[in-house]
Amino acid sequence: MARGKLRIHLGAAPGVGKTYAMLSEAHRRVGRGTDCVVGFVEHHGRPRTEVMLHGLEQVPRRELEYRGGVFPEMDLDAVLARRPEVALVDELAHTNVPGSRNAKRWQDVEELLAAGIDVVSTVNIQHLESLGDVVESITGVRQQETVPDEVVRRADQVELVDMTPEALRRRMAHGNVYQPDKVDAALSNYFRPGNLTALRELALLWVADRVDAYLTQYRSEHRVSRIWGSRERIVVGLTGGPEGRTLIRRGARLAEKGAGGEVLAVYIARSDGLTSASPKELALQRTLVEDLGGTFHHVVGDDIPAALLAFARGVNATQIVLGSSRRKAWQYVFGPGVGATVARESGPDLDVHIVTHGEVAKGRGLPVARGGRLGRSRRAWGWIAGVLGPPLLAALLSAVDLGLANDMLLFLALTVAAALLGGLLPALASAAVGSLLLNYFYTPPLHRWTIADPKNIVAIVIFVAVGVAVASVVDLAARRTHQAARLRAESEILSFLAGNVLRGETGLEELLERVRETFGMESAALLERASDVEPWTCAGRVGRGRPVERPDEADVDMPVGDHMALALTGRVLPAEDRRVLAAFAAQAAVVLDRRRLQEEADRARTLAEGNRIRTALLAAVSHDLRTPLAGIKAAVTSLRSEDVEWSEEDRAELLEGIEEGADRLDHLVGNLLDMSRLQTGTVTPLIREIDLDEVVPMALGGVPEGSACLDVPETLPMVAVDPGLLERAVANLVENAVKYSPSGAPVLVAASALADRVEVRVVDRGPGVPDEAKDRIFEPFQRHGDAPRGAGVGLGLAVARGFAEAMGGTLNAEDTPGGGLTMVLSLRAAAFLPEPHLTAEPERQAS
């Protein structure tokens with residue numbers, strides 16, 4: 001069965017019109033004859049949205065009971081049984097009421113898609129899981145309901161429903177979003193213009209990244225190499241010199257001028273070494289570009305202008321930033337330089353910026369190594385000096401008579417120059433041509449190919465020998481320089497790679513991307529199989545090249561053991577590059593093994609934690625539950641005994657003991673159940689706006705009269721909490737404080753407002769807790785100091801903190817001035833209620 005398609009209407013905030021746009025789309029599809037039903041759409045009392053539901057078939061909702069209330073949810077089974085072509089499912093990030101099949105609505109949507117049903121849904125940008133910290137820093141509100149980014153990214157269509165902050169605030173002021181009693185609080189808190197503007201920017205940037213991913217995929221599939229300037233991408237070319245930081249900052253400023261601009265810094269190293277690049281300087285530049293929001297790339301290429309342009313076109317860049325050349329004026333005789341070459345060959349669709357800096361014309365400090373030992377231009381100049389130089393020198397010497405000795409020294413100097421420039425072969429050519437010219441023009445008898453004086457023969461032989469010796473030394477030095485530079489390049493690349501892997505900074509995909517960039521390949525994949533007869537599977541893959549299912553289908557394959565291989569597509573690598581590739585392949589295997597070991601360690605840690613909790617539960621059952629049970633059993637046996645005539649006072653005392661034992665059992669079992677719910681993540685708070693004086697007094701019912709006093713002002717703002725969870729949390733704190741307070745020193749329960757928070761403080765005058773143990777007392781089954789076994793199983797504080805965090809609050813321990821311990825329970829005021837609860841209707845806030 002084909003999987004259904006998912007379409008998401010994404011908005012920056014509640015009220016921008018996502019549900020209205022979804023219903024409009026449904027009416028268009030119904031008008032075209034599509035079988036479309038409403039799985040779950042909530043109009044929140046908005047008249048225009050409610051009108052849009054008319055004419056659409058709605059699947060009856062399922063009603064679930066929870067904490068004394070009845071809440072409607074989508075009837076997933078009914079929608080699956082109805083099997084429409086398209087189902088409308090509102091609020092993708094919604095948390096279902098406990099008792100539903102799935103915890104989250106997006107999981108319901110996944111079932112519908114798997115059944116072949118197309119789904120149209122809605123979500124706000126602040127509900128994306130990866131943006132939780134960003135949204136909290138902007139709005140001060142931590143989103144309790146989130147949806148994994150991957151769920152939204154897998155959507156076949158994502159449509160942005162946009163509205164300016166001013167227009168949205170006008171809608172709210174007119175009562176088109178919330179009920180009138182909520183408008184003022186919303187406008188002055190969550191829906192401030194700055195908050196809405198920042199959320200709108202987040203939504204626009206997220207959709208822009210999504211569109212960019214689609215564009216990259218399309219260009220790859222259709223092999224589009226021409227640059228499409230859909231957004232500003234600035235490639236900053238680095239040489240490893242000190243001017244790189246200036247170029248990076250200039251590139252960042254250029255990117256800021258364009259919407260969604262992006263900076264990509266690239267250092268291109270020759271295959272024969274990193275030559276003048278300083279590793280420390282490159283590390284500083286990498287840190288700088290990442291701090292500015294860009295990315296750093298390391299690419300190997302002998303032809304630096306071609307490699308830079310290939311990289312820029314590969315990432316669909318629109319501009320290249322280069323620094324003015326550091327070469328001195330005389331060095332331009334060897335060529336126009338990288339900047340001029342890139343500018344000439346960039347074409348009309350790629351702008352090149354040449355930026356001046358303080359290092360212009362100061363030289364590189366170290367000679368630049370040439371590819372192919374001496375380089376093409378250097379060998380060309382060697383051949384010019386070796387072949388054309390001697391005839392030109394002979395023509396010049398024909399005008400003057402310097403003597404044979406001086407003539408031979410000049411020809412020898414020219415041969416040495418040819419050797420220094422071009423190596424052995426140009427020097428041999430210069431020696432041969434020079435010796436012939438010396439014999440013909442300057443050695444008696446003149447203009448004949450004979451030599452009269454034997455001494456002149458010795459001189460010419462020495463001349464040729466010196467030329468050959470110098471050329472051999474130059475060629476050997478060039479060979480050794482080439483080898484040393486290449487080994488240095490390999491060692492620096494491997495050192496950087498090993499450092500990242502050992503520090504755990506590189507994942508498998510990042511490592512494969514590094515391989516692809518380093519060797520200039522189209523794609524890189526790590527293949528593995530269980531045995532020689534099993535098929536190959538892909539453990540990780542990056543790039544846009546053709547998919548590779550077996551190593552023999554790749555342009556380059558590097559075995560890693562018997563059942564793993566690194567496969568690259570794009571070009572055939574020379575043999576000398578395979579040594580570095582082998583190191584990359586080995587590191588990829590290490591990264592994969594480490595990832596799997598980490599997963600196994602996480603599973604083992606989860607099992608160990610579960611075993612620890614089960615062991616502690618057994619210990620609690622074996623002692624803490626047995627003691628009250630034994631007391632109850634003894635009292636009941638005594639009451640039922642026919643051998644003893646009990647007085648009314650005795651019977652009352654025994655019944656009181658039974659009641660106390662039952663209460664203790666109820667308390668212990670309640671804490672055990674609450675802890676198990678917290679450990680399994682099934683605590684779902686029912687957030688409501690409520691006054692503290694309605695809940696906190698009820699929490700004191702379980703402690704002896706007079707052991708606690710209450711100070712909760714009536715002027716405090718309302719808090720956004722689950723009343724049941726708050727009561728249990730405060731009750732546990734008070735019971736714990738009473739347990740450790742000395743006789744005659746009642747526990748103080750006080751409340752106060754602080755900014756957007758309301759704090760409940762439970763103050764005791766007991767022995768207190770040292771600073772190093774303040775966090776440990778909140779762990780399950782922990783009792784501080786020498787507390788006796790009868791003091792409980794050590795769950796009260798752990799349950800209280802778990803409930804506080806489930807409601808979006810915090811619980812911490814502080815020292816009481818003068819001695820004792822103060823528990824501080826911080827709750828969010830109702831005026832700062834998180835947006836998901838504002839969007840839910842007042843009668844139903846089960847999430």
Side-chain angles (χ1 to χ4, degrees), residues 65 67-68 613-679 683 695-710 723-747 749 762 764 766-767 780-800 802-803:
E65 294 185 2
R67 290 186 176 272
I613 293 176
R614 283 190 289 271
T615 302
L617 284 172
L618 290 175
V621 171
S622 66
H623 186 282
D624 295 284
L625 298 184
R626 180 184 298 172
T627 302
L629 282 175
I632 294 173
K633 176 67 175 177
V636 171
T637 302
S638 299
L639 288 173
R640 295 187 61 187
S641 175
E642 298 178 356
D643 299 334
V644 181
E645 187 70 26
W646 300 102
S647 65
E648 289 299 326
E649 291 79 5
D650 293 336
R651 291 178 61 87
E653 185 177 351
L654 290 173
L655 290 173
E656 183 180 358
I658 294 173
E659 184 178 8
E660 289 178 356
D663 290 341
R664 184 175 171 189
L665 277 177
D666 180 68
H667 179 72
L668 294 176
V669 172
N671 275 338
L672 289 172
L673 292 176
D674 289 337
M675 196 67 238
S676 66
R677 292 169 59 207
L678 289 170
Q679 292 289 342
V683 174
V695 178
V696 176
M698 300 173 60
L700 306 184
V703 298
E705 186 175 353
S707 60
C709 57
L710 190 62
L725 297 186
L726 177 61
E727 180 183 347
R728 292 295 301 276
V730 175
N732 283 357
L733 295 178
V734 174
E735 291 176 8
N736 182 77
V738 170
K739 187 184 307 179
Y740 291 98
S741 292
S743 178
V747 172
V749 182
V762 181
D764 68 57
F781 308 105
Q782 296 292 324
R783 289 189 295 266
H784 177 63
D786 57 352
R789 294 289 299 179
V793 294
L795 287 177
L797 296 182
V799 169
F803 284 172

Q: Find out whether Leu733 and Val749 are in side-chain contact, i.e. whether some heavy atom of one side chain is under 4.5 Å from a heavy atom of the other.
A: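 No, side chains not in contact.
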
Q: Are Leu639 and Ile658 side-chain neighbours, meaning at least one heavy-atom pair lies under 4.5 Å?
A: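 Yes. Closest side-chain heavy atoms under 4.5 Å.
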
Q: For Ala729 versus Ala800, what's the shortest heavy-atom pair and its separation?
A: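 For Ala729 and Ala800, the tightest heavy-atom pair comes out as O-CB, 3.8 Å.
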
Q: How would you list, by chain and number, every residue that makes a side chain to side chain contact (heavy atoms under 4.5 Å, CB included) with Ala634, sequence neighbours excluded?
A: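 In terms of side chain to side chain contact (heavy atoms under 4.5 Å, CB included), with neighbours along the sequence ignored, Ala634 is linked to no residue.
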
Q: Return the CG to CD distance between Leu654 and Glu659, rounded to the nearest 0.5 Å.
A: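 Interatomic distance, Leu654 CG to Glu659 CD, rounded to 0.5 Å: 13.0 Å.
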
Q: Taking all non-hydrogen atoms of both residues into account, name the closest pair between Pro767 and Tyr740 and its distance.
A: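 Closest pair (atom of Pro767, atom of Tyr740, distance): CD-O, 3.5 Å.
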
Q: Return the minimal non-hydrogen interatomic distance between Ala699 and Glu727, and the atom names on each side.
A: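 Smallest interatomic distance, heavy atoms only, reads CB-O, 3.6 Å.
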
Q: Show your working on side chain to side chain contact (heavy atoms under 4.5 Å, CB included) between Leu700 and Leu710 and close with a plain yes or no.
A: CA-CA 9 Å; Leu700 306 184; Leu710 190 62; 4.2 Å; yes

Q: Can you see which heavy atom on Ile632 is nearest to which on Ala662, and at what distance?
A: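 Looking at all heavy atoms of both residues, the shortest contact is CD1-N, 3.5 Å.
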
Q: Taking atom CG of Leu726 and atom CZ of Arg728, what is their separation to the nearest 0.5 Å?
A: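 Reported to 0.5 Å precision, the distance equals 12.0 Å.
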
Q: NZ/Lys739 to OG/Ser707 distance, rounded to the nearest 0.5 angstrom?
A: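 It comes to 13.0 Å.
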
Q: Write down the atom of Ser741, the atom of Asp764, and the distance for their closest heavy-atom approach.
A: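 Result for this residue pair: OG-CB, 3.2 Å.
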
Q: For Gly706 and Pro746, which heavy atoms make the closest approach, and how far apart are they?
A: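 Taking every non-hydrogen atom into account, O-CB, 3.7 Å.
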
